[in-house]
There are 2 protein chains.
Amino acid sequence: MPWEKQFDVDGALTKAMNAFWARGYEATSMQDLVDCMGINRGSVYATFGNKRSLFIQALRHYDGLHRRTWVEGLCRSRGPKDAILAAFEEAIAAALGTGGRDGCLLVNTALELSPHDREICHIVAEGQTEMETFFAHKIAEGQGRGDIPETVDAGETACALLSLFIGLRVLARSRPEPPLLHAVARQAKALLE
Amino acid sequence: MPWEKQFDVDGALTKAMNAFWARGYEATSMQDLVDCMGINRGSVYATFGNKRSLFIQALRHYDGLHRRTWVEGLCRSRGPKDAILAAFEEAIAAALGTGGRDGCLLVNTALELSPHDREICHIVAEGQTEMETFFAHKIAEGQGRGDIPETVDAGETACALLSLFIGLRVLARSRPEPPLLHAVARQAKALLE
DNA sequence: CATTGTGTTGAACGATCGTTCTAAACTTGG
DNA sequence: CCAAGTTTAGAACGATCGTTCAACACAATG
């Protein structure tokens, strides 16, 4: 039984993810992917299947690597209310930072592919739903501590925060103006008071 | 001096707009456009230039035909506060209706092309800014009538409404669930109280 | 009616698309 | 050291991409 893979599969998937992230699914060609992944054409197909399959793996990779660990990081050494506010602040920082303008791969995919591909739509919807429940749980937790008033409806406000958050990532891609983005974050905070 | 055009230029542009609206820029081929516009390949190029130029014209067409007249319609026979609420209600109705799932061409374009094309980004940003000022003006108007409390900050709230509205259109494409969408609309209303 | 110039038509262009395949390079088990 | 089995490398596939072109159809002008 011969030979393990010579390249770093996870690293290659990360590079593919970044390419899809920056340019979207349709605008990223297999040639682009072969170039940026640094491995051979045949190896891409042997390892990841076809383009759609590679994209789905990259999307799941993003969902696990970025979103989930990011959300966990938000909670570490922060109270529930601050975790919510930090989500907005960090999204703004990412949009205005040097790497910026790429927004969120899940949001980008929600618009480009969700209406046309059931499996991809499911992954996107799942990620969005998890963000919604993250907000809802943190609100409930904050209410338990007395950080957030009981008059706030956790479920409804979570929907609003999700929508605000997604809107923020869209605006970050087309109007990366600090005053605008910070205004959105302040209004998110206002929903919790 | 010979011969005017034999086809309806405006109608053809509308058909192209619908194709881009449903599938996005990259996923819509010139062949798709030629088919759905009902005119010949050469006529498309002679009349609209290349693909990008056609898209830009379609985008401006959308911005004028749909968004602007839609906003005007919202204001007709409605008070300022109701006009804002109607914007959300109509967006939900469009998403859940039979034609639905296409969302808003400006929002779709904001994600797909804004970071990569300055001119397109400018059109998108302009449309978004006009929506923002629409919200801001209606809030101020509502405050003048006493429909909206003075404690509401018109500028900041307009940003939040814009972000909520955009988020709603994204969610409509990936999670067209009535309870979720209506929750967002209710929270938009709550921002005005 | 001939001329003029634009509109229409469909074939055709080279480039690139996603994908497959053949052959060489190589590590491991016998 | 040989045979087995995988990963490489890169050429090549047919299809489709966006775009151009030459030939033809037509209405207005002289």
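Keep in mind that this is a model prediction, so the values were computed, not measured. Reminder, nothing fancy here: chain letters follow the sequence lines and each chain counts from 1.
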Review point. Would one find a side-chain N or O of B:N50 under 4.0 angstrom from OP1 or OP2 of D:dT19?
Key: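 Yes, such a contact exists.
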Check your understanding: Within the structure, does a side-chain N or O atom of A:N40 lie under 4.0 Å from either OP1 or OP2 of D:dT8?
Key ->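 Checking D:dT8 against A:N40, no side-chain N or O comes under 4.0 Å of OP1 or OP2.
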Measure from the side-chain heavy atoms of [X] and tell me the nearest of [options].
X     : options                : value
B:S43 : C:dT8, C:dT20, D:dT20  : C:dT8
B:Y45 : C:dG10, D:dT19, D:dA12 : D:dT19
B:K51 : C:dG10, C:dT20, D:dG18 : D:dG18

Nearest whole Å is fine: how far is [N] [atom2] from [X] [atom1]?
X     : N      : atom1 : atom2 : answer
B:M37 : C:dT9  : CE    : P     : 13 Å
B:D35 : D:dG18 : CG    : C1'   : 14 Å
A:F55 : C:dT19 : CZ    : C1'   : 19 Å
A:R41 : C:dT19 : CZ    : P     : 10 Å

Of all residues at least two apart in sequence or in a different chain, which pass the side-chain contact (heavy atoms from CB on, under 4.5 Å) check with [X]?
X      : result
A:D153 : A:E156
B:Y25  : B:F20, B:K51, B:R52, B:F55, B:E112, B:L113
A:E132 : A:A158, A:C159, A:L162, B:R175, B:L180

Check your understanding: Taking side chain as C-beta onward, heavy atoms only, is A:L96 less than 4.5 Å from A:I92?
Key ->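 They are in side-chain contact.
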Check your understanding: By ring-ring contact (aromatic ring centres under 6.0 Å, His included), which residues pair with A:Y62, not counting sequence neighbours?
Key ->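 Counting only residues at least two positions away or on another chain, A:Y62 forms a ring-ring contact (aromatic ring centres under 6.0 Å, His included) with A:W21, A:H66.
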Review point. Which of residues 16-32 of chain A sit near DNA chain C, with a heavy atom under 4.0 Å from it?
Key: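 Heavy-atom contacts with DNA chain C come from A:T28, A:S29, A:M30, A:Q31.
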Review point. Who are the salt bridge (Lys or Arg N to Asp or Glu O under 4.0 Å) partners of B:R78, not counting sequence neighbours?
Key: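 Once residues adjacent in sequence are excluded, the partners of B:R78 under the salt bridge (Lys or Arg N to Asp or Glu O under 4.0 Å) criterion are B:E90.
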